[in-house]
K.L.:
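Submitted below is the structure of interest, expressed as structure tokens.
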Number of protein chains: 2
Amino acid sequence: MRKDVPKIVVARLPVYLRDLSQLRDEGKEVTSSQELGKRLGISPAQIRKDLSHFGEFGKQGTGYNVSYLIEQLRRILHADRNWKIILVGAGDLGHAMVHYTGFRKQGLHIIGVFDNDPQKIGQRWGELTVMDASTIEDFIQKENVRIVILAVPAKVAQQVADRLVNAGIRAILNYAPIVLHLPNGILVEYIDPVVHLQYMTYFLE
Amino acid sequence: MRKDVPKIVVARLPVYLRDLSQLRDEGKEVTSSQELGKRLGISPAQIRKDLSHFGEFGKQGTGYNVSYLIEQLRRILHADRNWKIILVGAGDLGHAMVHYTGFRKQGLHIIGVFDNDPQKIGQRWGELTVMDASTIEDFIQKENVRIVILAVPAKVAQQVADRLVNAGIRAILNYAPIVLHLPNGILVEYIDPVVHLQYMTYFLE
DNA sequence: TAGATTGTTAATCGATTAACAATC
DNA sequence: TAGATTGTTAATCGATTAACAATC
């Protein structure tokens, strides 16, 4: 079995991709590990090393073709296809996620929104209608959804996550401020603004 | 000069604090590095090592008093006081942030919201009124605000951040999907759900 | 060619873990 | 006391960086 690419390397690729897209939008056709490093606050050596896990994408003397590297990173990250995502929890945060335009451009499509509040079920959210949480399992199976954005209260996050995993979900972006306990192989990423803010207040007087 | 605590250690403290608060809510009065480690998916040795950078908080044979450790972590993280925060960018995400109840409990108070859209200025958001972005500097100085949540479009994020830093801001929680270039000493934390989702799609077929 | 930059190796740096004396 | 768990040291593991041959 070939050695895995370190997770921390994979975690940087989306940031490279994001910045390269910006470079392209600015009209740049070629860049270098040095330029990219300066833009990202990362050493050029690290960028070259990270990329070297996946192949050779540059040319000595000139650097990297921006469009080509974007294409390659999209392929590596599986960002070159469309992903169906469901959102569970139709609160304010869920509302913001559904209306966020940054997902679609990356092939990340929220195709269903769920809540268990009768007040919310049936509400029209953009092109979507908030559905009854009791129908999540059917929807996941019918649509073959593998990714969830979880934006429910902390108190119910674990039990909802258990249901989702049972229904076949493979990856959870968890906005609830708790650590989830799930079977091996289920991917979980955490976003909690309080954690970031408290990290910063540590350094403030 | 005493050696700094590694940043990665500081970054884990808010997660410890969050989980300890949950333990306390569950009625637990004492815990151990082993229990905490299991809950967090972290090795017990790492938890003890992390805490040892700041003092001795446990008792051999019994473990840690939950309330006492919470108190100590809050002190270490400066989470035992109130922090004034302003939100810049009154979009859907900003709306969700202002209405999020998870901040206040931690002493994190959003005391002002700003936008440059005349349609939004003057809108009532809970207890706050959306203010004209041209008045940000005055507000920061008058209220002595040091933390900003930045939720503006990527295109303007850098220039807005520059203004904020000029006005005296010390820490930015940046939701705009770009890397900010700011003077040394300015703290910036990034939240970009696309980065997390693309990290996960790497592992999905 | 001369200058620039890659991809890679080896060295360095830093973080995690194992182990255990101390002690509750 | 016996059992449990801390705080800490030393060993291990892994990630970052410096350096450079290759080459565009």
Side-chain angles (χ1 to χ4, degrees), chain A residues 1-17 19-20 23 28-73 76 179 199 202, chain B residues 1-17 19-20 23 28-73 76 179 199 202:
Chain A
M1 196 173 76
R2 196 161 48 96
K3 190 69 187 65
D4 278 353
V5 174
K7 287 180 182 181
I8 196 164
V9 171
V10 178
R12 280 191 291 264
L13 299 187
V15 179
Y16 296 170
L17 174 55
D19 204 62
L20 286 161
L23 269 174
K28 275 244 170 200
E29 288 175 8
V30 172
T31 188
S32 64
S33 59
Q34 183 151 35
E35 179 178 48
L36 216 41
K38 202 163 282 170
R39 290 173 61 95
L40 296 171
I42 290 179
S43 82
Q46 177 158 90
I47 291 172
R48 295 200 302 275
K49 183 105 223 268
D50 284 354
L51 295 176
S52 75
H53 287 96
F54 305 96
E56 308 191 354
F57 308 112
K59 261 213 247 310
Q60 285 104 322
T62 60
Y64 301 91
N65 177 291
V66 173
S67 292
Y68 178 70
L69 189 50
I70 286 174
E71 192 184 315
Q72 293 303 310
L73 286 173
I76 292 163
V179 173
Y199 170 78
Y202 171 86
Chain B
M1 195 173 76
R2 194 161 48 95
K3 189 71 186 62
D4 278 352
V5 174
K7 287 179 182 181
I8 196 164
V9 171
V10 178
R12 281 191 290 265
L13 300 186
V15 179
Y16 297 169
L17 175 56
D19 203 64
L20 286 161
L23 269 174
K28 276 244 169 201
E29 288 175 8
V30 173
T31 189
S32 65
S33 61
Q34 183 152 33
E35 179 178 49
L36 217 42
K38 202 164 285 170
R39 289 172 62 95
L40 295 171
I42 291 178
S43 81
Q46 177 158 91
I47 291 171
R48 295 200 301 277
K49 184 107 226 269
D50 284 354
L51 295 176
S52 76
H53 286 96
F54 305 97
E56 307 190 355
F57 307 113
K59 259 212 251 306
Q60 284 103 326
T62 59
Y64 302 91
N65 177 290
V66 173
S67 292
Y68 177 71
L69 189 50
I70 286 173
E71 192 185 315
Q72 293 303 311
L73 286 173
I76 292 163
V179 174
Y199 170 77
Y202 171 85

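Heavy atoms only: backbone and side chains are in, while hydrogens, waters and symmetry mates are out. Within every chain, numbering begins at 1; the chains are lettered A, B, ... in the order of the sequence lines, protein sequences first and strands thereafter.
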K.L.:
Across all strands, who's sitting opposite D/dA15 as a Watson-Crick or G-U wobble pair, both distances under 3.5 Å?
P.N.:
C/dT12
K.L.:
Measure the distance from CG on B/L51 to P on D/dT5 and round it to the nearest whole Å.
P.N.:
16 Å
K.L.:
Are the side chains of B/V15 and B/I42 in touch, meaning some heavy atoms are under 4.5 Å apart?
P.N.:
no
K.L.:
Decide yes or no on side-chain contact (heavy atoms from CB on, under 4.5 Å) for A/R39 and A/L23, but give the supporting numbers first.
P.N.:
CA-CA 10 Å; A/R39 290 173 61 95; A/L23 269 174; 3.5 Å; yes
K.L.:
Where is the tightest heavy-atom contact between A/T31 and A/L36, given as atom of each residue plus distance?
P.N.:
OG1-N, 4.1 Å
K.L.:
Tell me: CD of B/Q34 to P of D/dT6, nearest whole Å?
P.N.:
8 Å
K.L.:
Counting only side-chain N and O atoms of A/S33, is one of them less than 4.0 Å from OP1 or OP2 of C/dT5?
P.N.:
no
K.L.:
Across the strands shown, which category fits A/P6 at heavy-atom distances under 4.0 angstrom: base, sugar-phosphate, nothing?
P.N.:
sugar-phosphate
K.L.:
Between P on D/dA21 and CD on A/Q60, what's the gap in Å once rounded to a whole number?
P.N.:
14 Å
K.L.:
Just checking A/Q34: does its CD atom have more than 12 heavy atoms from other residues, nucleotides or ligands closer to it than 6.0 angstrom?
P.N.:
no
K.L.:
Where the side chain of A/I8 is concerned, which of D/dA15, D/dG7, D/dT6 is the nearest nucleotide?
P.N.:
D/dA15
K.L.:
Can you tell me how far P of C/dC20 sits from CZ of B/R48, to the nearest Å?
P.N.:
13 Å
K.L.:
Tell me the interatomic distance from B/Y64, atom OH, to C/dC24, atom C1', rounded to whole angstroms.
P.N.:
13 Å
K.L.:
Mapping B/K59 and A/R12 to their closest nucleotides on DNA chain D, which lands nearer the 5' end?
P.N.:
B/K59
K.L.:
Start with the C-alpha distance between A/F57 and A/I76, add both sets of side-chain angles, then the distance that settles side-chain contact (heavy atoms from CB on, under 4.5 Å), and finish with yes or no.
P.N.:
CA-CA 12 Å; A/F57 308 112; A/I76 292 163; 4.0 Å; yes
K.L.:
Check the distance between D/dC20's P and A/K49's NZ and give it to me in whole angstrom.
P.N.:
18 Å
K.L.:
Quick one: look up who D/dT23 pairs with, Watson-Crick or G-U, both distances under 3.5 Å, and put none if it's unpaired.
P.N.:
C/dA4
K.L.:
B/N65 has an atom CG; how far is it from atom C1' of D/dT5, in whole Å?
P.N.:
15 Å
K.L.:
Please tell me if B/S43 has a side-chain N or O lying less than 4.0 Å from either OP1 or OP2 of C/dT16.
P.N.:
no
K.L.:
Roughly how many Å is it from CD in B/Q46 to P in C/dA19, rounded to a whole number?
P.N.:
17 Å
K.L.:
Among C/dA18, D/dA18, C/dG7, find the nucleotide with the atom closest to the side chain of A/A45.
P.N.:
D/dA18
